[in-house]
Amino acid sequence: MAPSPTSSCDLAFDREHIWHPYTSAVNPLPVYPVRSARGCRIILEDGRELIDGMASWWCAIHGYNHPRLNQAVQEQLRNMAHVMFGGLTHRPAVELARRLTAMTPTPLQHVFFADSGSVSVEAALKMALQYWCALDHPERKRFLTIRNGYHGDTFGAMSVCDPVTGMHTLFQGFLPEQIFSEAPRCAFDALWDEAYIQDFADRLEEHSQELAAVILEPVVQGAGGMRIYSPHFLRRVRELCDEAGVLLICDEIATGFGRTGKLFACEWAGISPDILCVGKALTGGYMTLAATLTTREVAHAISRNDGVFMHGPTFMANPLACAAANASLEILEEGAWRSATPRIEAALREGFSACADLPGVAEVRALGAIGVIELRTPVDVARIQAMFVERGVWVRPFGRLVYVMPPYVVSPDELDKLVSAVVDVVRRLP
Ligand SMILES: *Cc1c(COP(=O)(O)O)cnc(C)c1O
């Protein structure tokens with residue numbers, strides 16, 4: 001069929017033929033056509049400008065249409081957009097692996113480039129399984145995780161997502177059955193009590209002989225509930241994994257690259273995982289790219305007796321994506337995010353506190369450049385979305401959560417407008 005002659009975005013065609021995330025094909029939620037984006041602004045086809053509160057799901061940390069990221073991609077494009085990674089390598093990938101091994105905890109020295117966050121989680125699970133196979137423990141095939149987690153939408157990743165919000169019943173019989181302990185109950189700066197870790201410790205002990213690894217999101221649980229928990233919980237998890245001889249996988253796909261106020265959320269607890277997943281903000285939101293890092297010990301065990309790591313995506317280490325990632329990490333290394341994130345945290349905490357006592361609000365919380373208003377009842381997404389757009393901001397709530405994680409380059413004035421709009425909308429909710 002010939003493309004439509006209209007130059008505008010064909011919303012009717014979109015509605016008839018395109019799946020958007022988690023939507024119905026017959027009764028989809030409305031979508032807003034975007035013409036362009038720059039800095040912290042999204043410009044709609046009708047000319048309206050929205051202040052971005054989402055960083056396109058944690059990704060666009062330096063804002064949109066960034067001159068240095070644009071330049072990095074354009075320069076790489078003059079050399080090549082892509083070559084296969086089997087039998088070939090290239091400067092953008094080597095430079096990126098060098099940066100990642102330097103900026104993550106020292107024990108992590110081996111990098112696997114994946115094409116999305118979910119795939120990097122699959123690679124992490126596979127690394128843990130292959131590690132134990134290589135050590136003659138093929139019976140270690142299960143994973144322990146905490147409730148309310150989110151690790152992606154592919155089947156391995158889904159199996160360790162929260163069983164309720166991850167809709168495990170839908171895929172029952174197909175999805176591997178993992179072990180879940182209660183979600184951390186201790187708030188970020190709550191006084192520590194060993195009771196907080198008891199359920200986790202019990203499950204770990206009960207299943208330690210069949211576990212390949214523990215997997216969790218350090219300190220901030222993202223799409224599974226936007227929960228923020230005590231770094232001490234993470235510290236105890238690391239200790240208990242060491243005592244039980246079980247690997248620890250930290251999924252920093254959402255939290256990595258400064259979002260929580262530390263470069264990686266693991267730093268809040270001063271721990272290093274055995275396997276680390278990064279993605280989302282890795283390319284500054286330019287292209288899909290993720291990575292799974294691991295220790296020499298895990299990598300060398302997998303490689304024993306001519307062993308190989310059994311994964312190799314077609315678009316592995318895509319040079320354009322690596323070039324964008326190198327430019328994004330270079331900007332991070334310059335350090336402006338270190339003053340931006342506490343400034344954003346203070347504004348979100350202070351601004352959202354105006355909602356804390358509303359009857360419809362259960363809790364308000366913030367850490368780094370993340371602010372969350374947890375409501376008592378789920379929102380009507382289409383309606384609340386329209387209210388935000390009317391007020392010139394882009395915020396996309398889900399379930400009972402209204403939350404923002406703006407690009408780090410958000411100006412004080414933009415942040416002020418964003419916070420005011422969120423507070424105003426939440427006040428008007430039924
Ligand atoms: C988004 C996310 C994933 C999945 O990444 P995709 O790129 O969407 O596949 C995995 N883990 C966490 C913590 C995430 O936030």
Side-chain angles (χ1 to χ4, degrees), residues 19-23 54-61 104 112-128 143 145-163 165-167 175 178 180 183-184 213-229 234 237 248-260 262 264-266 268 273 275-293 311 313-318 321-322 324-325 328 367-370 372 396 398-399 401 403-405:
W19 293 106
H20 283 265
Y22 312 105
T23 47
M54 304 306 291
S56 285
W57 278 339
W58 313 88
C59 296
I61 52 177
T104 56
F112 180 90
F113 287 115
D115 39 12
S116 75
S118 301
V119 172
S120 78
V121 170
E122 300 292 333
L125 301 176
K126 206 184 256 190
M127 276 178 199
F143 293 88
T145 185
I146 51 180
R147 285 179 187 271
N148 282 103
Y150 177 78
H151 297 284
D153 289 346
T154 53
F155 278 99
M158 244 196 318
S159 77
V160 287
C161 287
D162 183 85
T165 56
M167 299 267 285
L175 214 53
Q178 315 293 10
F180 296 88
V214 165
I215 178 168
L216 48 68
E217 296 153 279
V219 183
V220 178
Q221 295 183 288
M226 298 299 295
R227 296 165 57 103
I228 304 169
Y229 65 87
L234 182 59
V237 165
L248 175 60
I249 303 169
C250 283
D251 178 349
E252 294 240 19
I253 292 167
T255 50
F257 306 111
R259 182 54 70 178
T260 69
K262 299 276 188 195
F264 294 96
C266 284
W268 286 109
I275 302 173
L276 173 74
C277 298
V278 295
K280 289 203 162 100
L282 175 59
T283 63
Y286 265 53
M287 264 164 279
T288 176
L289 182 69
T292 313
L293 284 88
H311 216 105
T314 307
F315 282 93
M316 190 168 184
N318 172 255
C322 288
S328 177
L367 182 70
I370 308 166
V372 185
R396 184 163 180 84
F398 70 87
L401 300 164
Y403 65 106
V404 299
M405 49 226 187

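We count ligands from 1, going down the list as the structure has it; atoms in each ligand are counted the same way.
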Measure from the side-chain N and O atoms of R259 to the backbone N and O of A281, and report whether any donor-acceptor pair falls under 3.5 Å.
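No: the side chain of R259 does not pair with the backbone of A281.
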
Residues in side-chain hydrogen bond (donor to acceptor under 3.5 Å, both in side chains) contact with [X], at least two apart in sequence or another chain:
X: N148; answer: none
X: E252; answer: T255
X: T154; answer: E122

Measuring only between side-chain heavy atoms, which start at C-beta, is T165 closer than 4.5 Å to Y150?
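T165 vs Y150: side chains apart.
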
Can you find a heavy atom in the side chain of F143 that is under 4.5 Å from one in the side chain of V214?
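The answer is no, as the side chains (C-beta and beyond) never meet within the 4.5 Å cut-off.
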
Between ligand 1 and the protein, which N/O pairs fall short of 3.5 Å?
from     : atom 1 : to   : atom 2 : distance (Å)
ligand 1 : 5 (O)  : S118 : N      : 3.4
ligand 1 : 7 (O)  : G117 : N      : 2.9
ligand 1 : 9 (O)  : G117 : N      : 3.4
ligand 1 : 9 (O)  : S118 : N      : 2.7
ligand 1 : 9 (O)  : S118 : OG     : 2.6
ligand 1 : 11 (N) : D251 : OD1    : 3.4
ligand 1 : 11 (N) : D251 : OD2    : 2.7
ligand 1 : 15 (O) : K280 : NZ     : 2.5

